[in-house]
2 protein chains.
Amino acid sequence: MAVSLQVLRTRSPGVLTALCPTRVVLDHVTSKWGVLVLAALADGTRRWGELRREVDGISEKMLASTLRTFEADGLVERRAYPEIPPRVEYSLTPLGDELAEAIAPLLDWVLAHAGEIVDRDASVQTRGSSVSR
Amino acid sequence: MAVSLQVLRTRSPGVLTALCPTRVVLDHVTSKWGVLVLAALADGTRRWGELRREVDGISEKMLASTLRTFEADGLVERRAYPEIPPRVEYSLTPLGDELAEAIAPLLDWVLAHAGEIVDRDASVQTRGSSVSR
DNA sequence: CAGTATCCTCGGAGATACTG
DNA sequence: CAGTATCTCCGAGGATACTG
C-alpha cells in the first residue's frame, strides 16, 4: 500500500492543496518535458545540443524554458564557457540529483508496463467502436 | 547516480523517443491531475465526492476525464452501485497500485524539498528585479 | 450523489526566423 | 553552437448549468 494524500496529510495537514507550494514544484516536475529533461541529465553533464537530441521531439523554446525553470528551482546548474563556438553545459545540482533518483522508479515502471497499457487502450477503442454508440 | 535516458536506451534502444508508446503512458501519469488522483487512491477505495474534496482544486470535468483515462489504462477500477442516491467507488487495480508505489518517492521528495525551492524562486525574483534588466 | 453537456479562455507549446 | 524573438494555434482545462 503506497502513501496516499490522506496519509501525507496526517503528517503535514493541508499539504498538496490548491495553494500549497508543493503544487508549484510538482507542476514543474510533471510539466510536459520535465521528467525527460531530468532523466537526460541524470548521469552527468550534457551540452545543449546533446539535450536537444536526447530529449526527442522537444523544441528549442521548450528546452530553454524547461532548463530555466529548473535552474531557478536550483535543480539544474548551467555553465557557459566563453569560447568560439560557444559551449554550454548543464548538470544536476545535488538537489536535482535527489529528484532524479526519486523519479527513477516511475521511469522503470513506465518502461516495464507501457506495453500492456497501450495494448489495452487499443483494445478498449476497438471494443468501444464495435459496441452500440 | 540515477538512471538516465542514455542508460535506459542501452537496455531498450529508442525508448522514450517521440513516437514511443512509453511517452503516452508517461503523459497520462504526468498530466496535470494524474499524480494527485493516483495519490488520493493509493491507500484504498474512494467515492467520487471524496476524490473531489481530496484532490483540492480539481474540476468535475477534469476529475471525470482523469479517472476515465486511468480506467482505460487499466490503472483504476470503477464500481457503480445501483442505488438511490447513487454511489460510485474508485480504486486502484494491482497495476495502478504498483504505479502508486513508483511515484511515492517523488511525492516524498516534493514534500521534503518544496520549501527550499519555492524560497529560492522567490529570492531569484527579488534579485532579478533589483539587478539591471 | 455522481456525473454530462456546453461554452469559453488562456497559455503551453510549436513553427519559423534571426543573432552573438 | 546556443540560444532569443515573434507569431500563432490548438486543446487542456475551467465555469456554469443541467440531469438521472
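Keep in mind that what you see is a predicted model, and the values were worked out from it rather than measured. Throughout, protein chains are lettered first and strands after them, A, B, ... in sequence-line order, and every chain is numbered starting at 1. Only heavy atoms go into these numbers, but all of them, side chains included; no hydrogens, no water, no symmetry mates.
- Candidate nucleotides dC1(D), dG3(C), dC1(C) were compared by shortest atom distance to the side chain of P85(B), and dC1(C) ranks first.
- Between the CD atom of E89(B) and the C1' atom of dA2(C) there is a distance of 13 Å, given to the nearest Å.
- At whole-Å resolution of the value, CZ in R53(A) and P in dG3(D) are 13 Å apart.
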Please table the atom pairs, donor to acceptor, closer than 3.5 Å between any side-chain atom in residues 62-71 of chain B and protein atoms at least two apart or in another chain.
residue : atom : partner : partner atom : Å
T66(B)  : OG1  : M62(B)  : O            : 2.7
T69(B)  : OG1  : S65(B)  : O            : 2.9

Would you give me the side-chain donor-acceptor pairs under 3.5 Å for residues 81-95 of chain B, sequence neighbours excluded?
residue : atom : partner : partner atom : Å
Y81(B)  : OH   : E89(B)  : OE1          : 3.2
E83(B)  : OE1  : R87(B)  : NE           : 3.4
E83(B)  : OE2  : R87(B)  : NH2          : 3.0
R87(B)  : NH1  : E89(B)  : OE2          : 3.0
T93(B)  : OG1  : G74(B)  : O            : 2.6
T93(B)  : OG1  : L75(B)  : O            : 3.2
T93(B)  : OG1  : L95(B)  : N            : 3.4
T93(B)  : OG1  : G96(B)  : N            : 3.1

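- Whole-Å rounding puts the R79(A) CZ to dA2(D) C1' distance at 17 Å.
- Counting all heavy atoms, side chain and backbone alike, V3(A) lies closest to A42(B) at O-CB, 3.7 Å.
- OP1 or OP2 of dA2(D) has at least one side-chain nitrogen or oxygen of R47(A) nearer than 4.0 Å.
- The CZ-C1' distance, from R23(A) to dG13(D), rounds to 14 Å in whole Å.
- Taking the side chain as every heavy atom from C-beta outward, L16(A) and L36(B) approach each other to under 4.5 Å.
- Atom CZ of R52(A) is separated from atom P of dC1(D) by 12 Å (rounded to the nearest Å).
- For R68(B) and dT4(C), the shortest distance from a side-chain N or O to OP1 or OP2 is below 4.0 Å.
- Shown here for A102(A) and W109(B), the closest heavy-atom pair between the two residues is CB-CB, 3.9 Å.
- If you check every strand for non-hydrogen atoms under 4.0 Å, Y81(B) touches nothing.
- If you measure from atom CG of L67(A) to atom C1' of dT4(D), you get 14 Å, rounded to the nearest angstrom.
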Do any N or O atoms of the protein come closer than 3.5 Å to N or O atoms of nucleotides 14-20 of chain D, and which pairs are they?
residue : atom : partner : partner atom : Å
dG14(D) : OP2  : W33(B)  : NE1          : 3.4
dG14(D) : O6   : K61(B)  : NZ           : 2.6

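- Legend: residues meeting side chain to side chain contact (heavy atoms under 4.5 Å, CB included) with P21(A), ordered by chain and number and at least two apart, are V118(B).
- For the pair D27(A) CG and dC10(C) P, the interatomic distance rounds to 19 Å; values are reported in whole Å.
- Evaluation of the side chain to side chain donor-acceptor pair (under 3.5 Å) test over residues 49-62 of chain B, restricted to residues two or more places apart or in two chains, returns R46(B)-E54(B), R52(B)-E60(B).
- Separating the CZ atom of R87(B) from the P atom of dA2(C) is a distance of 9 Å, rounded to the nearest angstrom.
- For the pair R23(B) and T17(B), the tightest heavy-atom approach, listed with the atom from each and the gap, is CG-O, 3.3 Å.
- Scanning DNA chain D for stems, defined as runs of 3 or more consecutive Watson-Crick or G-U wobble pairs whose donor-acceptor distances all fall under 3.5 Å, gives the following ranges: C:1-20 with D:1-20.
- The side-chain heavy atoms of H28(B) and D73(B), taken from C-beta on, include a pair separated by under 4.5 Å.
- Comparing dT4(D), dG3(C), dG3(D) by their closest approach to the side chain of Y90(B) singles out dG3(C).
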